[in-house]
Undergrad: 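This is the structure I want to talk about, given as structure tokens.
Residues take their numbers from the sequence shown, with the count starting at 1. Small disclaimer: the values here were computed from a predicted structure and weren't measured.
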Amino acid sequence: MKIGDRIRVKQSVIVYHHPEHKGQPFDIQGLEGEIFAIIHEWKGRPVSANLPIQVKFDKKFKAHFRENEVELID
């Protein structure tokens, strides 16, 4: 996976920060978006982020994922 790849959420992932469902549990399984960052370092130092893949779904909604929670779209 690399920045710019299109992905789909393949597992059930509950978020509470979706713009249309603020503060309520919302399952984003099946949503499609684009990888806009993969976290490997912070301020020049290597890090082992728990949720290293940052995905942008639309203008207002972004989320972080593990590699096993998303799949590439051809």
Side-chain angles (χ1 to χ4, degrees):
M1 285 189 219
K2 62 187 181 308
I3 295 173
D5 284 349
R6 298 277 307 156
I7 61 93
R8 178 182 304 114
V9 181
K10 69 178 184 179
Q11 293 183 352
S12 178
V13 177
I14 305 296
V15 297
Y16 291 83
H17 67 284
H18 191 276
E20 297 172 12
H21 305 277
K22 283 276 190 193
Q24 301 172 355
F26 182 67
D27 190 357
I28 59 173
Q29 183 176 7
L31 240 55
E32 296 180 4
E34 180 179 324
I35 296 175
F36 77 94
I38 299 175
I39 308 301
H40 295 292
E41 61 179 48
W42 184 71
K43 293 187 177 182
R45 295 182 298 189
V47 295
S48 59
N50 292 336
L51 305 170
I53 300 173
Q54 295 179 338
V55 177
K56 183 175 185 176
F57 292 98
D58 59 31
K59 195 172 188 179
K60 293 183 178 183
F61 182 54
K62 301 174 186 172
H64 300 248
F65 297 93
R66 294 177 185 92
E67 281 194 41
N68 65 340
E69 294 174 328
V70 296
E71 63 186 356
L72 288 175
I73 300 174
D74 294 331

Undergrad: So which atom in K10 and which in E71 form the shortest heavy-atom distance, rounded to 0.1 Å?
TA: CB-CD, 3.9 Å

Undergrad: Are H17 and F61 an aromatic pair by the rule of ring centers under 6.0 Å?
TA: yes

Undergrad: Look at atom CD of E67 and say whether more than 12 heavy atoms of other residues, nucleotides or ligands are closer to it than 6.0 Å.
TA: no

Undergrad: How long is the gap from CZ on F57 to NE2 on H18, to the nearest 0.5 Å?
TA: 8.5 Å

Undergrad: Could you give the distance from CD1 (I53) to CG (D5), rounded to the nearest 0.5 Å?
TA: 9.5 Å

Undergrad: Looking at Q24 and H21, would you say the former's side chain and the latter's main chain have a donor-acceptor pair under 3.5 Å?
TA: no

Undergrad: Using 0.5 Å steps for rounding, measure from the CE atom of M1 to the CG atom of L72.
TA: 5.0 Å

Undergrad: Within the distance-only criterion (no hydrogens, no angle test), does the side chain of D27 pair as donor or acceptor with the backbone N or O of I14 below 3.5 angstrom?
TA: no

Undergrad: Consider only side-chain heavy atoms of I, L, V, M, F, W and Y, link residues closer than 4.5 Å, and tell whether Y16 and F26 are in one cluster.
TA: no

Undergrad: Indicate the atoms forming the closest heavy-atom contact of R66 with P52, along with that distance.
TA: CA-CD, 4.4 Å

Undergrad: Taking side chain to side chain contact (heavy atoms under 4.5 Å, CB included) as the criterion, tell me which of V13, I7, I28 meets it with E69.
TA: V13

Undergrad: Same cluster or not: I38 versus F65, using hydrophobic residues (I, L, V, M, F, W, Y) connected whenever any side-chain heavy atoms lie under 4.5 Å apart?
TA: yes

Undergrad: Does this structure show an ion pair linking K56 with E34, if we count only N-O contacts that are shorter than 4.0 Å?
TA: no

Undergrad: Could you state the interatomic distance from NZ (K62) to CD (Q54), rounded to the nearest 0.5 Å?
TA: 8.0 Å

